[in-house]
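Nothing here was measured: the structure is a model prediction, and the numbers come from that model.
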Amino acid sequence: MAEPTTTSTLGLIAAGVGLAALVPGIDGDALVGAFAGGTLFVVSTPSMPLWQRGIYFLVSAIAGYMATPDLLAVVPLKSSGLAAFFASAVIVSVTLAVIEKGKKLDFSWLRRGGPPSA
């Protein structure tokens with residue numbers, strides 16, 4: 001069972017998202033979709049520490065909201081909320097996978113003249 005502090009914090013965050021959706025100039029559908037996608041990402045990664053999941057949630061929600069117009073231009077979706085949900089749920093996972101692949105790449109062929117002498 002969740003602790004009361006966790007439950008009330010999640011309630012406050014959800015209320016904040018709902019109120020932010022009422023601000024002029026903010027796409028409410030995309031905001032709610034990005035929030036839901038970020039939540040799905042956090043729930044699907046229970047092996048991470050709580051603080052790390054919180055940071056990834058924020059990054060996922062912000063990046064998902066910001067990626068929505070670009071995704072709508074490429075994918076034949078009509079709902080900005082659905083596009084934000086997909087973008088938010090996938091963006092952190094894809095980025096982490098690319099970072100891990102990048103760590104294993106060997107760029108030694110770029111050096112000219114061999115390794116620097118010590």
Query raised in the report: Transitively linked via ILVMFWY side-chain contacts under 4.5 Å: Leu77 with Val74?
Result: yes
Query - Exercise: identify the closest heavy-atom pair between Asp29 and Ser80 - result: CB-OG, 3.5 Å
Query raised in the report: Would you find a donor on one side and an acceptor on the other, under 3.5 Å apart, between the side chain of Ser79 and the backbone of Leu82?
Result: yes
Query raised in the report: Of Val92, Ile91, Val90, which is the lone residue that meets side-chain contact (heavy atoms from CB on, under 4.5 Å) with Phe41?
Result: Val92
Requested in this report: Examine distances only and state if a side-chain atom of Ser88 and a backbone atom of Gly38 form a donor-acceptor pair shorter than 3.5 Å.
Outcome: yes
**Report entry** Nearest heavy atoms of Ala34 and Ala84, plus distance in Å
**Finding:** N-CB, 3.6 Å
**Report entry** Min side-chain heavy-atom separation Leu72-Thr68 under 4.5 Å
**Finding:** yes
Query raised in the report: Which atom pair, heavy atoms only, marks the closest approach of Leu96 to Met48?
Result: CD1-CE, 4.4 Å
**Report entry** N/O donor-acceptor pair under 3.5 Å between Tyr65 side chain and Phe35 backbone
**Finding:** no
Query raised in the report: If two hydrophobic side chains count as joined below 4.5 Å and joins carry through other members, does Leu40 share a cluster with Phe86?
Result: yes
